Amino acid sequence: MNILILANKDLASNHALNLLLPQIKQHKVTLCLSAKVGGNNPNKPTELNRLTFFEQDLFNNLLTPALEANCISESINASENKLYKTFNQLNCYLSQPVQELNKINQPEQLQMVAELKPDLIVCIRYGVILKEQVLAIPSKGTINLHSGILPDYRGVMATFWAMYHKEPQIGTTLHYIDDANIDTGNVIATSTLAVNYEKSYLWNVLQLYVHGVQLILNTINALASDQVITKSVQTGEGQYFTFPTTDDLAVFADNGHSLVDETEITEFITEYFLS
């Protein structure tokens with residue numbers, strides 16, 4: 001199949017892609033990245049700015065240049081290296097170099113997507129809402145891995161809101177994107193795991209992608225074999241969540257939770273990129 005993957009330029013997306021891409025290299029895969037999720041907020045809470053540093057700035061601006069400066073030539077058994085790869089190093093699995101795509105609904109980038117002629121679009125944390133013209137392109141549809149359980153936790157930072165509400169479980173939902181509405185499409189499958197309240201929000205988010213990526217892989221394999229995908233309409237009202245406010249973050253902290261823990265991120269980077 002010809003597959004277009006749309007992801008975000010952050011640590012969790014990179015984690016998911018390192019799990020997924022080696023398992024679908026028999027397909028023709030293109031990867032495009034958004035620069036961020038959400039608009040520019042000059043009043044963004046300090047805690048969210050700190051989270052952005054660990055999710056994006058540390059990985060993209062500090063770790064990635066260091067890893068790429070010290071790596072062995074990618075042309076020599078690059079895909080056999082078991083360590084995680086930066087976004088650029090993931091090119092060894094792709095039909096063309098990874099690129100940013102932040103205006104996918106606008107004519108020039110829309111035409112680029114159309115010229116790729118993808119059979120399937122796969123979204124993982126992509127920061128742009130796809131509109132009807134994009135969604136009409138792939139013959140087998142567009143699927144999205146949402147890092148929350150639908151319909152209860154639509155929107156952004158679903159794991160934060162699940163922890164905020166003291167849920168025993170978090171999870172992912174793989175669903176179709178049928179229109180420009182957010183997280184409302186028919187559900188293909190879900191995965192769940194117990195929240196570890198001894199760990200940070202970001203640590204819990206990273207754990208989701210082991211099982212979440214398997215949902216994507218199962219669906220890709222089924223579609224490649226022309227199997228009919230079983231899907232279900234979301235039931236119940238659910239709720240849409242946006243980024244937490246300063247007050248929300250204060251409640252989160254008062255309950256003993258943290259957005260990010262430096263030691264956990266150091267351990268993650270050491271295990272997957274440096275060991």
Side-chain angles (χ1 to χ4, degrees), residues 1-36 55-102 104 109 112-113 115-128 137-138 140 142-145 174 206-225 265 267-275:
M1 283 198 305
N2 186 359
I3 301 172
L4 170 61
I5 298 178
L6 302 174
N8 193 51
K9 204 172 182 181
D10 61 36
L11 181 62
S13 289
N14 181 271
H15 177 39
L17 292 167
N18 271 283
L19 293 169
L20 177 63
L21 290 178
Q23 301 191 75
I24 59 171
K25 55 187 178 182
Q26 71 273 30
H27 300 287
K28 181 181 178 182
V29 180
T30 303
L31 172 62
C32 296
L33 303 172
S34 57
K36 61 181 179 178
E55 282 187 315
Q56 293 196 272
D57 298 338
L58 174 64
F59 181 74
N60 294 321
N61 301 332
L62 298 175
L63 180 63
T64 289
L67 290 171
E68 293 178 355
N70 291 284
C71 71
I72 299 173
S73 173
E74 293 180 36
S75 63
I76 304 175
N77 298 323
S79 63
E80 301 306 319
N81 187 341
K82 300 305 180 184
L83 286 178
Y84 271 18
K85 296 169 174 46
T86 67
F87 288 113
N88 288 328
Q89 291 168 343
L90 290 170
N91 286 336
C92 63
Y93 301 119
L94 305 176
S95 61
Q96 58 182 278
V98 61
Q99 61 182 298
E100 274 197 24
L101 202 65
N102 296 305
I104 193 170
Q109 295 189 359
M112 190 208 80
V113 173
E115 290 174 352
L116 289 172
K117 298 180 180 179
D119 300 304
L120 177 70
I121 294 178
V122 178
C123 297
I124 305 172
R125 302 174 64 85
Y126 190 58
V128 182
I137 293 172
K140 295 182 183 293
T142 298
I143 59 175
N144 176 58
L145 183 67
L174 185 65
L206 292 170
Q207 309 315 304
L208 293 175
Y209 290 97
V210 175
H211 296 296
V213 163
Q214 188 61 48
L215 301 183
I216 297 174
L217 182 61
N218 293 345
T219 301
I220 289 175
N221 290 340
L223 289 170
S225 302
I265 297 303
E267 291 173 349
F268 182 88
I269 289 172
T270 300
E271 178 179 358
Y272 290 105
F273 291 95
L274 303 177
S275 295

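Residue indices begin at 1 and follow the sequence shown. Note that this is a predicted model, so its numbers are computed, not measured.
Looking at Q214, its side chain never comes within 3.5 Å of a backbone N or O of H211 through a donor-acceptor pair. Judged by distance alone, the side chain of N18 and the main-chain N or O of K85 form a donor-acceptor pair under 3.5 Å. Here the side chain of N2 pairs a donor or acceptor atom with the backbone of K117 at under 3.5 angstrom. Judged by distance alone, the side chain of N91 and the main-chain N or O of N88 form a donor-acceptor pair under 3.5 Å.
In this structure, C123 SG and L145 CG are separated by 10.0 Å, a value rounded to the nearest 0.5 Å. Residue Q89 holds its CD atom at 9.0 Å from CG of N14, rounded to the nearest 0.5 Å. With rounding to the nearest 0.5 angstrom, the CD1 atom of I220 is 4.5 Å from the CD1 atom of I24. Taking CG of L4 as the reference point, atom OG1 of T142 lies at 8.5 Å (rounded to 0.5 Å). With rounding to the nearest 0.5 angstrom, the CD atom of Q96 is 10.0 Å from the CG atom of L31. L274 contributes atom CG, which lies 12.5 Å from atom CD of E267 (distance to the nearest 0.5 angstrom).
T64 pairs by the side chain to side chain donor-acceptor pair (under 3.5 Å) definition with nothing, not counting sequence neighbours. Under the rule for a side chain to side chain donor-acceptor pair (under 3.5 Å), the partners of T30 that lie at least two apart in sequence or sit in another chain are S95. Evaluation of the salt bridge (Lys or Arg N to Asp or Glu O under 4.0 Å) rule for K28 yields no partner, not counting sequence neighbours. Here E115 pairs with Q111 under the side chain to side chain donor-acceptor pair (under 3.5 Å) rule; sequence neighbours left out. Residues that satisfy the ring-ring contact (aromatic ring centres under 6.0 Å, His included) test with F87, not counting sequence neighbours, are F59.
A side-chain donor-acceptor contact under 3.5 Å links N8 and S34. For the 3.5 Å distance criterion, the side chains of H15 and Y84 qualify, holding a donor opposite an acceptor.
Listed here is the closest heavy atom pair of Y209 and L19: O-CD1, 3.6 Å. Across all non-hydrogen atoms, the minimal contact from Q26 to N221 is NE2-OD1, 4.5 Å. Across A16 and V213, no two heavy atoms sit closer than the pair O-CG2, 3.6 Å. The two residues P118 and V113 have their closest heavy-atom pair at CD-O, 3.4 Å. When all heavy atoms of V128 and L101 are compared, the pair lying nearest together is CG2-O, 4.5 Å. Closest of all the heavy-atom pairs between L17 and A7 is CD1-CB, 4.1 Å.
Screening L6, I143, N144 against V122 for a side-chain contact (heavy atoms from CB on, under 4.5 Å) leaves a single residue, I143.
Among pairs with a residue in residues 7-17, those fulfilling salt bridge (Lys or Arg N to Asp or Glu O under 4.0 Å) read K9-E100, D10-R125, at least two apart in sequence or across chains.
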